[in-house]
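Structure first, commentary second.
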Amino acid sequence: MNPPPALVVMGVSGSGKSTVGAALAEALGVPFVDADDLHPLTNIEKMRAGLPLDDDDRWPWLRAVGDAIRAASTGTGTGAPATGVVVACSALRVSYRDAILERAPRTRFVLLQGDREMLLGRLRSRTGHFMPASLLDSQLDALEPLGPHEPGLTVDAADTPEAVIAEVRGFLTRSPDGPQRIAHP
Ligand SMILES: Nc1ncnc2c1ncn2[C@@H]1O[C@H](COP(=O)(O)OP(=O)(O)O)[C@@H](O)[C@H]1O
Ligand SMILES: O=C(O)[C@H](O)[C@@H](O)[C@H](O)[C@H](O)COP(=O)(O)O
């Protein structure tokens with residue numbers, strides 16, 4: 001049997017990746033990985049200083065994210081059985097998602113899409129995080145929505161985590177196996 005697919009909960013800063021991703025992993029009974037924890041310190045310091053990351057900053061990080069997904073979802077290198085995994089990762093551009101798919105081909109993406117005002121409100125009231133609200137616009141500029149040929153689904157970032165979990169469960173039931181390409185609205 002194929003191992004369960006990996007899910008990447010993606011979107012701009014403040015869209016709820018960490019919150020929804022952790023709740024989704026718990027609901028599905030699989031491990032959760034926050035890609036924020038895979039950034040090199042130089043990336044964290046750059047964002048903390050209010051500077052957006054560029055491709056050179058992101059490629060090594062995305063490779064590490066892809067490797068972590070492959071390891072967790074197949075058990076490779078961990079000695080653990082394949083369990084599936086949920087990862088919170090911005091994965092803003094198609095090319096970034098392709099880089100993840102190269103390493104972990106059965107990954108599906110869950111894009112949390114929200115409007116700027118809501119996201120800004122969330123970031124301004126979030127405390128204890130390195131990412132300043134001033135970087136939101138650079139994130140929205142970089143974001144490329146999921147295309148019709150990408151595997152995954154787009155959901156409303158304003159929904160409750162429970163509602164997103166229900167949508168993802170429905171999606172997994174409709175396409176339980178393999179890297180199907182799902183049409184997006
Ligand atoms: N679905 C949601 N509804 C209401 N608030 C949320 C939701 N998801 C996240 N939040 C809140 O918004 C802020 C940003 O969420 P977070 O998960 O850190 O986003 P991201 O990981 O995408 O940057 C946090 O303060 C979090 O509590
Ligand atoms: O590609 C990037 O520019 C960063 O990875 C960024 O998108 C990511 O969102 C940060 O890690 C901020 O953390 P939060 O998304 O948790 O705010």
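Because the structure is predicted, anything quoted here is derived from the model rather than measured. As the structure lists them, so they are numbered: ligands from 1, and atoms in each ligand from 1.
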Are D98 and R103 close enough for a salt bridge, meaning some N to O gap below 4.0 Å? no
Restricting to non-hydrogen atoms, name the atom on [X] and the atom on [Y] that form the minimum distance, rounded to 0.1 Å.
| X | Y | result |
| --- | --- | --- |
| S90 | M10 | O-CB, 3.5 Å |
| A68 | L38 | CB-CD1, 4.0 Å |
| A27 | I165 | CB-CG2, 3.9 Å |
| R126 | S13 | NH2-OG, 3.5 Å |

What do the steps show when you test D137 against R116 for salt bridge (Lys or Arg N to Asp or Glu O under 4.0 Å), and what is the final call? CA-CA 8 Å; D137 286 333; R116 182 177 181 278; 2.6 Å; yes
List every atom of ligand 1 that sits less than 4.0 Å from any heavy atom of S18, numbering the atoms from 1 in the order shown and giving each element. 17 (O), 21 (O)
Ligand-side contact atoms (ligand 1) for residue partner V12, heavy atom cut-off under 4.0 Å: 22 (O)
Are any of the N/O atoms on K17, whether in the backbone or the side chain, positioned under 3.5 angstrom from an N/O atom of ligand 1? yes
Between ligand 1 and G14, is the shortest N or O to N or O distance under 3.5 Å? yes
Assess whether atom CZ of R124 is packed by more than 12 heavy atoms of other residues, nucleotides or ligands within 6.0 Å. no
So with a 6.0 Å cut-off around CD of E144, is the heavy-atom count from everything else above 12? yes
Which heavy atom of the protein is the closest neighbour of [atom], given with residue, atom name and distance?
| atom | value |
| --- | --- |
| atom 19 (O) of ligand 1 | G16 N, 3.1 Å |
| atom 2 (C) of ligand 1 | R122 NH2, 3.2 Å |
| atom 24 (C) of ligand 1 | R126 CD, 4.2 Å |
| atom 26 (C) of ligand 1 | T19 OG1, 3.6 Å |

Against ligand 1, does D159 come closer than 4.0 Å with any heavy atom? yes
Does P161 come within less than 4.0 angstrom of ligand 1, counting non-hydrogen atoms of the residue? yes
List of N/O pairs, ligand 2 versus protein, all under 3.5 Å?
{"residue": "ligand 2", "atom": "1 (O)", "partner": "R58", "partner atom": "NE", "Å": "2.8"}
{"residue": "ligand 2", "atom": "1 (O)", "partner": "S90", "partner atom": "OG", "Å": "3.3"}
{"residue": "ligand 2", "atom": "3 (O)", "partner": "R58", "partner atom": "NE", "Å": "3.3"}
{"residue": "ligand 2", "atom": "3 (O)", "partner": "R58", "partner atom": "NH2", "Å": "2.8"}
{"residue": "ligand 2", "atom": "3 (O)", "partner": "Q139", "partner atom": "NE2", "Å": "2.9"}
{"residue": "ligand 2", "atom": "5 (O)", "partner": "H39", "partner atom": "NE2", "Å": "3.0"}
{"residue": "ligand 2", "atom": "5 (O)", "partner": "S90", "partner atom": "OG", "Å": "3.4"}
{"residue": "ligand 2", "atom": "7 (O)", "partner": "S90", "partner atom": "OG", "Å": "2.9"}
{"residue": "ligand 2", "atom": "7 (O)", "partner": "Q139", "partner atom": "OE1", "Å": "3.2"}
{"residue": "ligand 2", "atom": "7 (O)", "partner": "Q139", "partner atom": "NE2", "Å": "2.8"}
{"residue": "ligand 2", "atom": "11 (O)", "partner": "D36", "partner atom": "OD1", "Å": "2.4"}
{"residue": "ligand 2", "atom": "11 (O)", "partner": "H39", "partner atom": "NE2", "Å": "3.4"}
{"residue": "ligand 2", "atom": "13 (O)", "partner": "D36", "partner atom": "OD1", "Å": "3.2"}
{"residue": "ligand 2", "atom": "13 (O)", "partner": "D36", "partner atom": "OD2", "Å": "3.3"}
{"residue": "ligand 2", "atom": "15 (O)", "partner": "K17", "partner atom": "NZ", "Å": "2.8"}
{"residue": "ligand 2", "atom": "16 (O)", "partner": "D36", "partner atom": "OD2", "Å": "2.9"}
{"residue": "ligand 2", "atom": "16 (O)", "partner": "H129", "partner atom": "NE2", "Å": "3.2"}
{"residue": "ligand 2", "atom": "17 (O)", "partner": "S13", "partner atom": "OG", "Å": "2.4"}
{"residue": "ligand 2", "atom": "17 (O)", "partner": "R126", "partner atom": "NH1", "Å": "3.4"}
{"residue": "ligand 2", "atom": "17 (O)", "partner": "R126", "partner atom": "NH2", "Å": "2.8"}

Going by heavy atoms in the side chains, are V9 and V86 under 4.5 Å from each other? yes
Passing option when Y96 is tested against W61, F109, W59 for ring-ring contact (aromatic ring centres under 6.0 Å, His included): W59
